[in-house]
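Below is one structure, written out as structure tokens; the observations come after it.
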There are 2 protein chains.
Amino acid sequence: MTRRRRPAKAPLSRAAIIEATLTLISAQGTRAVTLRAVAAALETGPASLYAYFANRDDLLYAALDAVYERCPLPPAGLGGDWRVALAASLSGTIDALASYPGLGSVALGTVQLGPGAMRISEHLLMLMQLGGVPDETAVLALDLFALFVAASAVEHSAPMRAVGAGARRRQDLAQQVSQAYAEAAPERYPRLHALSGKLPDADEPARSRFAINTLINGITLA
Amino acid sequence: MTRRRRPAKAPLSRAAIIEATLTLISAQGTRAVTLRAVAAALETGPASLYAYFANRDDLLYAALDAVYERCPLPPAGLGGDWRVALAASLSGTIDALASYPGLGSVALGTVQLGPGAMRISEHLLMLMQLGGVPDETAVLALDLFALFVAASAVEHSAPMRAVGAGARRRQDLAQQVSQAYAEAAPERYPRLHALSGKLPDADEPARSRFAINTLINGITLA
DNA sequence: CAATGTTCGCGAACAATGTTCGTCCCAGAG
DNA sequence: CTCTGGGACGAACATTGTTCGCGAACATTG
């Protein structure tokens, strides 16, 4: 039995580390994933990871790009309309990313230029060009889509939490919002107050559809 | 000199702690702000903060709502059009929040129901009602605006960083993106590759305007 | 082949952070 | 006056990202 145990386990690699990281993120969320946990999953020590990644952020960016590399992108012909295909692409990307709670937040404040991210950009650009969106608009739209996808994935990956004076842990979110509006001072928040009994019962898919349609409709008018 | 030093400094309060927190966030960014730093700024120890806030997240939510409470919301008559006023409200909120780097990310995954957040919701709702946006649409738009504002503020609060194989620290961002596209394999990323020499020179205000207009145009078509 | 250089692997240690526990002090109520 | 509740806060704890130093393995050179 050698001291190094090298013959007894697979050698480390970037891919293996990324895979272990994604598995842990999927199970526990990004925030709770430590280098120690990743290393333990690979039967090694956290210092070993530094031979492959500069730091924790570096590892998370790589994990993010791996997800971008594998999310489903429907063909251009879907639904016979570029908008349908674009909506499905955005939706699919959000869903894929949302499988890794909190990972989308890693992207905020960054422009991702790894192969996976560019794969998505290329695809979205193709669809927009197919729809006659001018390049100047399409490029700006890529930025906006990137932001939206990352942030939406965060919000879809775990139940939303209500935060504030009216937040009650015993109710579901819609009830909490409704109650907060009902309790809001009518003279300060008259419209929210008036809305409290009439909040639409939109579920998450409907909200997502609305948001995506808003973006797609919006870029065609920009 | 008493052991407690109480006579020598102002008593703690939620407001004082929030203020100290915001000052530090403004200077160092959310991520770098520790409870120890906040406590030190108030000449106390980190454990003292727990009498006012459940934990660090709780403090950050309160700081976030304080910013929402103070961001400028232009009057409905601005520009003679509800859309102009809505755009300015979104823009102003993003700018105010962007003064506190990274604070927007605290909002992701949450529905903020504090007084500051509801103040903004009330205002945006008022503008949309003024513009004849149906309530069912307006409520969904509030969700989308909240997400967009929070994520945009994060991205506007510090220079964007390029991440990925082509990232070079010596260049500004636009150059990095352009170079990454130029170096991208033409057979895999033909459209990005073709765009590399033609990326529009849009600065940040133009990008922001595009994004906001996209949202506003989009909700009117939803 | 032996010596040397390089890289991977990783334990030990360090600095830092959020949080809890226990104690003290003060103000207010009974 | 006593008791109680709550604020203040030091000490300590558990944990985390990271660095340092060293051994082992492998590649290269003479």
Side-chain angles (χ1 to χ4, degrees), chain A residues 1-25 27-64 101-103 105-106 161 163, chain B residues 1-25 27-64 101-103 105-106 161 163:
Chain A
M1 186 63 161
T2 70
R3 179 156 170 245
R4 299 303 312 285
R5 301 191 60 206
R6 181 172 261 184
K9 64 181 181 182
L12 279 188
S13 67
R14 277 181 70 99
I17 297 170
I18 290 169
E19 215 48 53
T21 301
L22 287 175
T23 299
L24 284 169
I25 289 178
Q28 303 168 1
T30 301
R31 205 165 147 177
V33 170
T34 64
L35 295 185
R36 281 173 168 78
V38 173
L42 295 163
E43 300 184 348
T44 186
S48 309
L49 306 183
Y50 288 87
Y52 297 88
F53 299 95
N55 49 50
R56 187 174 181 274
D57 277 353
D58 193 28
L59 171 57
L60 293 179
Y61 291 138
L64 177 67
L103 187 55
S105 62
V106 171
R161 294 189 44 224
V163 174
Chain B
M1 185 60 153
T2 70
R3 183 164 165 237
R4 301 300 317 280
R5 299 191 65 207
R6 178 173 265 182
K9 64 180 178 179
L12 277 188
S13 67
R14 279 183 66 100
I17 297 171
I18 290 169
E19 216 48 51
T21 301
L22 287 175
T23 299
L24 284 169
I25 290 178
Q28 301 169 4
T30 301
R31 206 167 144 173
V33 169
T34 64
L35 296 185
R36 280 172 168 78
V38 175
L42 295 163
E43 300 185 347
T44 186
S48 309
L49 307 183
Y50 287 87
Y52 297 87
F53 300 95
N55 49 50
R56 184 174 182 276
D57 276 354
D58 194 30
L59 171 57
L60 293 179
Y61 292 138
L64 176 67
L103 188 56
S105 61
V106 171
R161 292 190 44 224
V163 172

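All values below were derived from every heavy atom in this structure, side-chain atoms included, with hydrogens, water molecules and symmetry-related copies excluded. Here is the naming used below: chain letters follow the sequence lines, and residue numbers restart at 1 for every chain. The shown structure was predicted, so the numbers you read here are calculated from the model rather than taken from an experiment.
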Subject >> Protein-nucleotide distance (B/Phe53, atom CZ; D/dG7, atom C1'), rounded to Å >> reply: 14 Å
Subject >> Closest to side chain of B/Tyr52, choosing from D/dA8, C/dT20, C/dT17 >> reply: D/dA8
Original post:
Paired with D/dT29 by Watson-Crick or G-U wobble geometry, both distances under 3.5 Å: which nucleotide is it?
Top reply: C/dA2
Subject >> Nearest listed nucleotide, side chain of B/Tyr50, among D/dG17, C/dC21, C/dG18 >> reply: C/dG18
**OP:** Please report the closest heavy-atom contact between B/Tyr50 and B/Asn55, naming both atoms and the distance.
**Re:** CE2-CA, 4.0 Å
Original post:
Between atom CZ in A/Arg56 and atom C1' in D/dT19, what is the gap in whole Å?
Top reply: 18 Å
Original post:
Are the charged groups of A/Asp57 and B/Arg161 less than 4.0 angstrom apart, N to O?
Top reply: no
Subject >> Length of the line joining B/Arg31:CZ and D/dT16:P, which is rounded to integer Å >> reply: 16 Å
Subject >> Given D/dA8, C/dC21, D/dT18, the nucleotide with the shortest approach to the side chain of A/Arg36 >> reply: D/dT18
**OP:** Rounded off to whole Å, could you give me the CG-to-C1' distance for the A/Asp58 and D/dG17 pair?
**Re:** 14 Å
**OP:** Indicate yes or no for a side-chain donor-acceptor contact from A/Thr44 to the backbone of A/Ala39 under 3.5 Å, with no hydrogens or angles considered.
**Re:** no
Subject >> Residue B/Thr44, side-chain atoms from C-beta onward, closest of C/dT19, D/dG17, D/dC9 >> reply: D/dC9
Original post:
Would you say the side chain of B/Ile18 lies within less than 4.5 Å of the side chain of B/Phe53, judging by non-hydrogen atoms?
Top reply: yes
**OP:** Please check if the side chain of A/Tyr52 supplies one atom and the backbone of A/Leu12 the other of a donor-acceptor pair under 3.5 Å.
**Re:** yes
**OP:** Would you mind pulling out the nucleotide paired to C/dG22, Watson-Crick or G-U wobble, both distances under 3.5 Å?
**Re:** D/dC9
Subject >> For atom CD of A/Gln28 and atom P of D/dT16, their distance in whole Å >> reply: 10 Å
Original post:
Atom CG of B/Asn55 to atom C1' of C/dT17: distance rounded to whole Å?
Top reply: 14 Å
Original post:
For A/Ser48 and C/dC10, is the shortest distance between a side-chain N/O and OP1 or OP2 below 4.0 Å?
Top reply: yes
Original post:
Which is true for A/Ala51 with a 4.0 Å heavy-atom rule: it touches a base, it touches only sugar-phosphate, or it touches nothing?
Top reply: nothing
**OP:** Measure from the side chain of B/Thr34, starting at C-beta and using heavy atoms only, and say which of C/dG18, D/dT18, D/dT16 lies closest.
**Re:** C/dG18
Original post:
What is the distance from CG of A/Leu35 to P of C/dG9, rounded to the nearest Å?
Top reply: 16 Å
Subject >> A/Leu60 CG - D/dT16 P separation (whole Å) >> reply: 14 Å
